[in-house]
Amino acid sequence: MRKVGIIGGGNVGATCAYQLASRGVADVAVFDIAEGVPAGKALDMTQVGPVLGFDARVTGSHDPAVIAGSEVVVVTAGFPRKPGMDRMDLLKKNVEIARASGQHIKRYAPDAIVIVVTNPLDVMTWVVQQTTGFAPERVVGMAGLLDSARFATFIAMELKCSPLDVRAMVLGGHGDTMVPLPRFSTVNGVPLPELLPPEAIQRLSDRARNGGAEIVKLLGTGSAYYAPGASACAMVEAVLGDTNRLLACSTWLSGQYGLKDIYLGVPIHLGSKGVTRVVELKLDAAELTALKASAASVAKGIAEVKLLA
Ligand SMILES: NC(=O)c1ccc[n+]([C@@H]2O[C@H](COP(=O)([O-])OP(=O)(O)OC[C@H]3O[C@@H](n4cnc5c(N)ncnc54)[C@H](O)[C@@H]3O)[C@@H](O)[C@H]2O)c1
């Protein structure tokens with residue numbers, strides 16, 4: 001069985017570990033600073049094996065060496081957004097954690113492809129890439145997949161159709177400035193503007209943009225983890241299976257979309273080497289303006305981290 005490391009065994013990390021193990025994707029090793037908790041969760045998950053029928057091994061430890069030899073490492077260590085808290089508020093706290101995570105990956109899994117989940121996502125992906133020193137195509141952020149899944153869910157709910165038929169595309173930074181793309185979102189190949197009036201599309205786009213906050217508000221404490229865990233799991237599957245899926249992921253840009261030296265959500269092909277191609281869509285003027293505004297907000301976050309250094 002192949003091995004996936006997860007740094008941070010909280011809600012998202014544990015959910016991702018469970019989804020990977022129960023789908024038989026890989027053995028999973030979870031590292032968390034909390035003593036006992038990762039080992040306890042891992043044992044609990046392993047005991048599902050005889051019940052539901054899987055034989056992936058899950059191990060958990062507060063020793064980072066547990067991730068040694070992982071082909072893919074998912075970084076979920078950090079603090080979730082609390083109600084009323086902006087993603088950028090998390091910056092200072094999570095930079096330290098992202099740097100520590102990067103050091104562990106460099107030491108114990110130097111050949112891994114890295115998938116970052118910790119918020120603020122695009123900035124933290126950059127921090128992990130900088131700390132590991134890995135080629136940027138080996139370090140990619142999970143956000144677009146989740147934001148697209150949220151948009152797709154709301155489209156399916158509005159049309160009262162199966163979510164299986166909906167493919168949605170959301171680009172940009174993982175935050176209020178994300179850019180849902182109705183023209184590139186379809187229901188079994190039929191573009192969204194053929195199916196819904198502009199006002200409805202706007203309403204669903206706004207709901208997707210606030211998708212994380214809506215759940216934070218309902219939960220009262222903590223933030224979403226089932227769909228985030230699943231989105232990271234899907235990215236791991238694309239890497240281990242070398243499937244080259246086309247997915248929106250936070251990716252290092254070097255001139256694409258007229259943007260450079262920044263991590264931002266764009267469509268890419270994801271395979272065993274990480275990002276194998278950045279897909280440049282022909283965006284219209286409004287879409288491109290929105291993407292650039294989103295990039296500006298991520299660039300501000302990166303500049304803030306540089307000041308912290
Ligand atoms: N990218 C996305 O779309 C997305 C979606 C959901 C959540 N998130 C983010 O993912 C992160 C995790 O969310 P969660 O709900 O699992 O939070 P959580 O609080 O449940 O879990 C975080 C875990 O990280 C651990 N941790 C803290 N510092 C650590 C360190 N230095 N090394 C190892 N582990 C450490 C904590 O002990 C805790 O178990 C947050 O930053 C959250 O905002 C991102």
Side-chain angles (χ1 to χ4, degrees), residues 5-19 29-42 60-67 73-83 85-105 107-108 114-128 131 140-151 170 172-176 178 208-216 219 221-235 247-250 263-265 298 301:
I6 297 185
I7 299 185
N11 283 336
V12 176
T15 304
C16 182
Y18 182 69
Q19 288 163 336
V30 182
F31 160 64
D32 197 294
I33 46 163
E35 204 164 331
V37 180
K41 287 187 183 179
S61 175
H62 69 282
D63 178 353
V66 74
I67 67 161
V73 178
V74 182
V75 179
T76 72
F79 290 94
R81 195 160 49 118
K82 302 269 163 61
M85 196 176 177
D86 185 74
R87 279 194 177 83
M88 287 300 162
D89 294 338
L90 294 169
L91 192 66
K92 218 173 166 183
K93 226 167 187 179
N94 283 343
V95 163
E96 206 178 292
I97 296 172
R99 284 186 179 144
S101 303
Q103 296 291 355
H104 295 318
I105 296 167
R107 176 159 180 209
Y108 295 109
V114 184
I115 296 167
V116 180
V117 179
T118 305
N119 277 322
L121 189 271
D122 307 275
V123 178
M124 290 303 123
T125 307
W126 174 77
V127 172
V128 172
T131 312
V140 62
M142 187 293 290
L145 203 66
L146 173 65
D147 298 329
S148 303
R150 285 178 171 155
F151 192 29
V170 177
H174 183 53
D176 307 343
M178 70 179 75
R209 228 175 262 120
N210 296 310
E214 183 177 349
I215 292 174
V216 166
L219 292 178
T221 148
S223 58
Y225 49 95
Y226 292 110
S231 301
C233 173
M235 288 175 69
L247 301 167
C249 299
S250 186
Y263 266 94
L264 198 69
V298 175

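First listed ligand is number 1; within each ligand, the first listed atom is number 1.
For the pair His174 and ligand 1, the shortest N or O to N or O distance falls below 3.5 Å. The shortest N or O to N or O distance between Leu146 and ligand 1 is not below 3.5 Å. In terms of polar-atom proximity, Met142 is counted as a contact of ligand 1, with an N or O under 3.5 Å from an N or O of the ligand. Considering backbone and side-chain atoms alike, Val12 places an N or O below 3.5 Å from some N or O of ligand 1. Residue Thr76 has no nitrogen or oxygen atom sitting less than 3.5 Å from a nitrogen or oxygen atom of ligand 1, judged on distance alone. For a threshold of 3.5 Å applied to N or O pairs, the pair formed by Asp32 and ligand 1 contains at least one separation below that value.
The two residues Gly172 and Asp122 come nearest to each other via the heavy atoms O-OD1, 4.4 Å. Shortest non-hydrogen contact noted between Pro38 and Asp32 is CG-CB, 3.8 Å. Of all the heavy atoms in His62 and Ala34, the pair that sits closest is CB-O, 3.8 Å.
Residue-ligand proximity: Gly222 is placed with every non-hydrogen atom at 4.0 Å or more from ligand 1. For the pair Phe31 and ligand 1, a heavy-atom separation below 4.0 Å is found.
For the ring pair (Phe, Tyr, Trp, His ring centres under 6.0 Å) test, no residue two or more places apart in sequence or in another chain qualifies with Phe151. Residues satisfying the salt bridge (Lys or Arg N to Asp or Glu O under 4.0 Å) criterion with Glu214, sequence neighbours excluded, are Arg207.
Counted by atom type alone, Thr118 and Asn94 present zero donor-acceptor pairs between their side chains at under 3.5 Å. A side-chain N or O of His174 and one of Asp147 form a donor-acceptor pair less than 3.5 Å apart.
Only the side chain of Pro228 comes within 4.0 Å of ligand 1, counting heavy atoms alone; its backbone N, CA, C and O stay farther away. For Ala224, every heavy-atom contact with ligand 1 shorter than 4.0 Å involves the backbone, none the side chain. Under 4.0 angstrom from ligand 1, the non-hydrogen atoms of Phe79 all belong to its backbone.
Between the choices Asp147, Asn119, Ile215, the shortest heavy-atom distance to atom 41 (O) of ligand 1 belongs to Asn119. Of the options Gly78, Gly10, Gly9, the smallest heavy-atom separation from atom 24 (O) of ligand 1 is shown by Gly78.
When each of Val128, Val74, Thr125 is checked for a side chain to side chain contact (heavy atoms under 4.5 Å, CB included) with Val114, only Val128 meets the rule.
Close contacts between ligand 1 and Leu121 involve ligand atoms 1 (N) [criterion: under 4.0 Å to a heavy atom]. Applying the 4.0 Å criterion to heavy atoms of Thr118 picks out, from ligand 1, the atoms 10 (O), 41 (O).
Note that the CG atom of Leu121 and the OH atom of Tyr263 stand 11.0 Å from one another [nearest 0.5 Å].
By the neighbour-count criterion of 12 heavy atoms within 6.0 Å, atom CD of Glu96 is sparsely surrounded, having that number or fewer from other residues, nucleotides or ligands.
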